[in-house]
A.B. asks: 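What follows is a structure written as structure tokens; I'll ask about it next.
Every chain is numbered from 1, with letters handed out A, B, ... down the list of sequences.
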Amino acid sequence: MIDNPYTTAVLAWYDVNARDLPWRHPDATPWSILVSEVMLQQTPVVRVLPAWREWMKRWPAPADLAAEPSGEAVRMWHRLGYPRRALNLHACATAIVERHGGEVPDDHSELLALPGVGAYTAAAVASFAFGQRHAVLDTNVRRVLARAHTGVQYPPKTQSKSETRLAESLLPSDAETAVRWGVAVMELGALVCTARSPACADCPIADKCAWRLAGKPAHDGPPRRAQTYAGTDRQVRGKLMAVLRAASGPVPKSELDAVWDDQVQRERALDALVSDGLVDPLDSGEYALPG
DNA sequence: AAGCCGTGGTG
DNA sequence: TCACCAAGGCT
């Protein structure tokens, strides 16, 4: 069945080149797939793998995580980055126990209602965990479609309606094929059609790629803004969280004060962490991961 | 809707 | 080296 010009070649490529990732195994549960998708938000596969295994061993079901303080989720997040995602997963676990009887919902809109689950993650879980037909549009798919179909080097910075429409128009009609198509295009973007130096020689749709056929024109428009990090509040937050994760219990404020010289910025970062629910200010004056 | 939110690898 | 990038989401 030919649903779009790329389906057959991309699926055949995926059959041979797919990585053996544990959340793709037949015994992966919807919960384990949800956890993997949240961990993979902006974090590379190689760094997610050990944390995911640790989480699945300790919290094999949503109820297992919901039974623990959210601070344990934050501690077990290690250095994956964006630790609010750990809080989100703990809140997901609680919501799943309270609203869905402890089972990850299979309904797209119910998935979308879970904390930290947006358009991509809801579609990914509905598709990969429950075999439903949804367009999964992540950074990999956006880049592949921008090149192969639209003929430009990079997709726009923020996802556009036209990208969504395009992804939906390319979605195979049969659910089982749509699921395979989604994961296969993602994998193609991750392994071949990469951001920096695409391996067009290894690409199964190079002969149909509008960007390659146009001579790989360079990205035009404003330069893609680099995200600065050094000296930002994010860096300070990271240092504060690292201290709290490493400690077995509450930490005196002096230990937090030692991570950053600028007091104004340090206090602002700490206040924001408390406001975000990532840090618990105790009556004793000490600080701890949330209980 | 543009900017914020971590961290580490890499060309 | 250092700017860029990585299975985004939220405000």
A.B. asks: In whole Å, what is the span from the CZ atom of A:Arg19 to the P atom of C:dA6?
C.D. replies: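 Those two atoms, CZ and P, are 12 Å apart.
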
A.B. asks: How long is the line joining CZ of A:Arg84 and C1' of B:dC4, in whole Å?
C.D. replies: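 The distance from CZ of A:Arg84 to C1' of B:dC4 comes to 7 Å, rounded to the nearest Å.
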
A.B. asks: Among B:dT7, C:dA3, C:dG8, which nucleotide sits nearest the side chain of A:Thr139?
C.D. replies: C:dG8

A.B. asks: Just verifying a value: how many Å separate A:Tyr82 OH and A:Gln41 CD, rounded to the nearest 0.5 Å?
C.D. replies: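 Those atoms lie 10.5 Å apart.
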
A.B. asks: How are the rings of A:Trp52 and A:Trp23 set relative to one another: parallel (under 30°), tilted (30 to 60°) or perpendicular (over 60°)?
C.D. replies: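 The rings of A:Trp52 and A:Trp23 stand perpendicular, inter-plane angle above 60°.
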
A.B. asks: Between A:Val117 and A:Ala195, which has a closest nucleotide on DNA chain C that is more 5'?
C.D. replies: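 It is A:Ala195, whose closest nucleotide lies nearer the 5' terminus.
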
A.B. asks: In whole Å, what is the span from the CE atom of A:Met186 to the P atom of C:dG8?
C.D. replies: 7 Å

A.B. asks: When you compare the side chain of A:Leu240 with that of A:Trp260, does any pair of heavy atoms fall below 4.5 Å?
C.D. replies: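 No, too far: nothing below the 4.5 Å cut-off.
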
A.B. asks: When all nucleic acid strands are considered with a 4.0 Å heavy-atom cut-off, which category describes A:Gly81: base, sugar-phosphate, or nothing?
C.D. replies: base

A.B. asks: With a 3.5 Å distance limit and no angle check, can you tell me whether A:Arg147 reaches the backbone of A:Trp211 through a side-chain donor-acceptor pair?
C.D. replies: no

A.B. asks: Specify the separation, in whole Å, of atom OH of A:Tyr14 and atom P of C:dA7.
C.D. replies: 14 Å

A.B. asks: Is any side-chain N or O of A:Tyr229 closer than 4.0 Å to OP1 or OP2 of B:dG6?
C.D. replies: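 For A:Tyr229, the contact criterion (side-chain N or O under 4.0 Å from OP1 or OP2 of B:dG6) is not met.
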
A.B. asks: Taking the minimum atom-to-atom distance to the side chain of A:Arg196, which one of B:dG6, C:dC4, C:dG9 wins?
C.D. replies: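 Minimum distance to the A:Arg196 side chain belongs to C:dC4.
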
A.B. asks: Would you say that A:Tyr287 contacts A:Val243 through its side chain, given a criterion of any heavy-atom pair below 4.5 Å between the two side chains?
C.D. replies: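 A:Tyr287 does not reach A:Val243 side chain to side chain.
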
A.B. asks: At under 4.0 Å between heavy atoms, what does A:Arg245 touch on the DNA or RNA strands: base, sugar-phosphate, or nothing?
C.D. replies: sugar-phosphate

A.B. asks: Between B:dA2 and C:dA7, how far apart are the two C1' atoms, rounded to whole Å?
C.D. replies: 23 Å

A.B. asks: For A:Ala272 and for A:Arg79, find the nucleotide of DNA chain B with the closest heavy atom, then tell me which residue's nucleotide is more 5'.
C.D. replies: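 Going by which nucleotide is closer to the 5' end, it is A:Ala272.
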
A.B. asks: So what does A:Leu21 hit on the nucleic acid, given a heavy-atom distance under 4.0 Å: a base, only sugar-phosphate, or nothing?
C.D. replies: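 Base, at least one base atom sits under 4.0 Å.
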
A.B. asks: What does A:Trp23 touch in the nucleic acid at a heavy-atom separation under 4.0 angstrom: a base, only the sugar-phosphate, or nothing?
C.D. replies: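 Answer is base: heavy atoms of A:Trp23 come under 4.0 Å of a base.
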
A.B. asks: Can a salt bridge be assigned to the pair A:Arg266 and A:Asp257 using a cut-off of 4.0 Å between side-chain N and carboxylate O?
C.D. replies: yes

A.B. asks: So, is A:Arg143 near the phosphate of C:dA6, with a side-chain N or O under 4.0 Å from OP1 or OP2?
C.D. replies: yes

A.B. asks: Please pick, from C:dA7, B:dT10, B:dC5, the nucleotide with the shortest atom-to-atom distance to any side-chain atom of A:Asp138.
C.D. replies: C:dA7

A.B. asks: Output yes when A:Glu168 and A:Arg165 qualify as a salt bridge under the 4.0 Å nitrogen-oxygen rule, no when they do not.
C.D. replies: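 So A:Glu168 does not pair with A:Arg165 through a salt bridge.
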
A.B. asks: Of the residues in residues 38-55 of chain A, which ones touch DNA chain B at a heavy-atom distance under 4.0 Å?
C.D. replies: A:Gln42, A:Thr43, A:Arg47

A.B. asks: Between C:dG9 and B:dG8, how many Å separate the two P atoms, rounded to a whole number?
C.D. replies: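 C:dG9 and B:dG8 have their P atoms separated by 23 Å.
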
A.B. asks: What does A:Thr194 touch in the nucleic acid at a heavy-atom separation under 4.0 angstrom: a base, only the sugar-phosphate, or nothing?
C.D. replies: nothing

A.B. asks: Less than 3.5 Å between a donor and an acceptor, one on the side chain of A:Arg234 and one on the base of B:dG6, is that the case here?
C.D. replies: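 Indeed there is one.
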
A.B. asks: What's the gap between C:dC4 and B:dG3 when it is taken at their P atoms, as a whole Å value?
C.D. replies: 15 Å

A.B. asks: Do the side chains of A:Arg58 and A:Glu72 get close enough for a salt bridge, i.e. N-O under 4.0 angstrom?
C.D. replies: yes

A.B. asks: Considering only atom P, compute the distance from B:dC5 to C:dC2 and round it to an integer number of Å.
C.D. replies: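 Each nucleotide's P atom is 24 Å from the other's.
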
A.B. asks: Round to a whole Å and report the spacing from CG of A:Leu273 to P of B:dG6.
C.D. replies: 7 Å

A.B. asks: To the nearest angstrom, how far is A:Leu80 atom CG from B:dC5 atom P?
C.D. replies: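 Going from A:Leu80 (CG) to B:dC5 (P), I get 19 Å.
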
A.B. asks: Counting only distance, no hydrogens or angles, is the base of B:dC5 paired donor-acceptor with the side chain of A:Arg237 under 3.5 Å?
C.D. replies: no

A.B. asks: In whole angstrom, what separates A:Leu278's CG from B:dC4's P?
C.D. replies: 18 Å

A.B. asks: Distance check needed: C:dC5 C1' versus A:Lys157 NZ, whole Å only.
C.D. replies: 15 Å

A.B. asks: A:Trp55 vs A:Trp77 aromatic rings, parallel, tilted or perpendicular, using cut-offs 30° and 60°?
C.D. replies: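 Perpendicular.
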
